[in-house]
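To start, the structure itself, in structure tokens.
Index from 1, following the sequence. Every value quoted in this text rests on a predicted model; they were computed, and no experiment measured them.
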Amino acid sequence: MLLQSITGLLLAGLASAQTPPGFAPAVTKRLDLVFGTKVVTEPGTSLTKTETAKQPVLGTTDVALDKTYVWLMIDQDVPANFQNPSAGARRTNLHALITGFKSSGQKSGEVFTLTSTSTGPIAYTGPAPPAERPPYAHRYVSLLYETTDSFSVTRTQVGQTFGFDLAAFVKTVGLTGEPVRGNYFNVTG
């Protein structure tokens, strides 16, 4: 009986996780990502480079958000060695960091959309993982942090995009609390 209870709790935790296993910080509330006609509602959905070439529409399906937010998208699986991608450790790459997201007051299908007039300090760059043998799916994690209306970030505060250190960035810019929403999708080179 105890084993069944523990197993049930573990499965419930996995089912509600919106970020990849082992990713910190873990996020339980979903950020919906809309790439054209594809909505990433299931964390870990597989998409193509073509489908993700343009910045997604961000939003939620459960409730309209009413604050101001910063959005980050991070590739968790960049090869440290581009000559031999399958060899060696993996590192991160920051693909987007855009401030000033707010509710648009509109819905796109079932999604309450968020919009921003900002394009940075790190404009969206679509996934472009290299071809690898065997194929390796890159996990692209999207995080949404609540901010103040006056929150701003300089390019200098972001630091390196390759090897991006999320914890150091959060501390540097004074973000408080955990991300309010998250999601991730996979793209294979």
Side-chain angles (χ1 to χ4, degrees), residues 17-35 40 43-44 47 49 52-60 64-82 85 88-105 112-130 138-187:
Q18 302 301 313
T19 48
F23 181 85
V27 180
T28 58
K29 290 191 175 184
R30 184 178 70 229
L31 174 65
D32 291 298
L33 308 169
V34 183
F35 290 98
V40 180
L47 299 170
K49 292 179 195 179
T52 58
K54 293 183 180 174
Q55 181 177 316
V57 172
L58 308 181
T60 56
L65 299 179
D66 62 356
K67 306 283 189 218
T68 303
Y69 306 91
V70 60
W71 171 59
L72 297 90
M73 188 176 91
I74 307 163
D75 180 350
Q76 294 296 293
D77 301 297
V78 177
N81 178 346
F82 287 106
R90 300 279 168 166
R91 59 185 174 169
T92 59
N93 182 30
L94 181 63
H95 275 256
L97 193 157
I98 301 174
T99 61
F101 275 94
K102 294 183 179 196
S103 173
S104 69
F112 295 100
T113 60
L114 298 167
T115 59
S116 175
T117 57
S118 177
T119 58
I122 304 296
Y124 179 79
T125 302
H138 287 228
R139 298 163 296 161
Y140 293 86
V141 179
S142 280
L143 300 171
L144 196 67
Y145 283 88
E146 186 178 322
T147 65
T148 62
D149 286 343
S150 61
F151 178 80
S152 66
V153 178
T154 65
R155 178 62 184 88
T156 302
Q157 288 174 305
V158 174
Q160 296 290 326
T161 56
F162 282 108
F164 179 71
D165 184 336
L166 177 62
F169 169 77
V170 166
K171 185 176 180 182
T172 297
V173 300
L175 288 173
T176 57
E178 298 295 320
V180 294
R181 299 286 172 142
N183 204 337
Y184 76 102
F185 59 91
N186 297 321
V187 177

Item to complete: For the pair Ser104 (side chain) and Thr113 (backbone), establish whether a donor and an acceptor sit closer than 3.5 Å, ignoring hydrogens and angles.
Response: yes
Worksheet item: Taking C-beta and beyond as the side chain, do Arg181 and Ser142 meet within less than 4.5 Å on heavy atoms?
Response: no
Worksheet item: Side chains of Leu65 and Phe101: closer than 4.5 Å at any heavy-atom pair?
Response: no
Item to complete: Run the numbers on Phe185 and Phe35 for ring pair (Phe, Tyr, Trp, His ring centres under 6.0 Å), then give the verdict.
Response: CA-CA 11 Å; Phe185 59 91; Phe35 290 98; 5.2 Å; yes
Worksheet item: What's the shortest heavy-atom distance between Leu143 and Val27, and which atoms?
Response: CD2-CG2, 3.9 Å
Discussion item. Would you say NZ of Lys54 has more than 12 non-hydrogen atoms from neighbouring residues, nucleotides or ligands within 6.0 angstrom?
Written reply: no
Worksheet item: What are the two closest non-hydrogen atoms of Gln18 and Pro43, and how far apart are they?
Response: OE1-CG, 3.2 Å
Item to complete: Look at the rings of Tyr124 and Trp71 and say which category their plane angle falls in: under 30° parallel, 30 to 60° tilted, over 60° perpendicular.
Response: parallel
Worksheet entry | Donor-acceptor contact present, side-chain Asn183 to main-chain Leu33, <3.5 Å | no
Practice prompt. Heavy atoms only: give me the nearest Gln157-Ser152 pair and the separation to one decimal.
Written response: OE1-O, 4.0 Å
Worksheet entry | Smallest separation among heavy atoms of Pro127 and His95, with atom names | CA-CE1, 3.9 Å
Worksheet item: Hey, are Asp66 and Ser103 close enough side-chain-wise for a donor-acceptor pair under 3.5 Å?
Response: no
Worksheet item: Under 3.5 Å, side chain of Lys49 to main-chain N/O of Pro129, donor-acceptor pair present?
Response: yes
Fill in: Atom of Glu146, atom of Tyr69 and distance for their closest heavy-atom approach
CA-CD2, 3.6 Å
Worksheet item: Under 4.5 Å between any side-chain heavy atoms of Ser116 and Leu58, yes or no?
Response: no
Practice prompt. Measure from the side-chain N and O atoms of Thr68 to the backbone N and O of Thr147, and report whether any donor-acceptor pair falls under 3.5 Å.
Written response: no
Item to complete: Check step by step if salt bridge (charged side-chain N to carboxylate O under 4.0 Å, His left out) holds for Asp77 and Arg90.
Response: CA-CA 5 Å; Asp77 301 297; Arg90 300 279 168 166; 5.7 Å; no
Practice prompt. Taking all non-hydrogen atoms of both residues into account, name the closest pair between Phe151 and Val70 and its distance.
Written response: CE2-CB, 4.2 Å
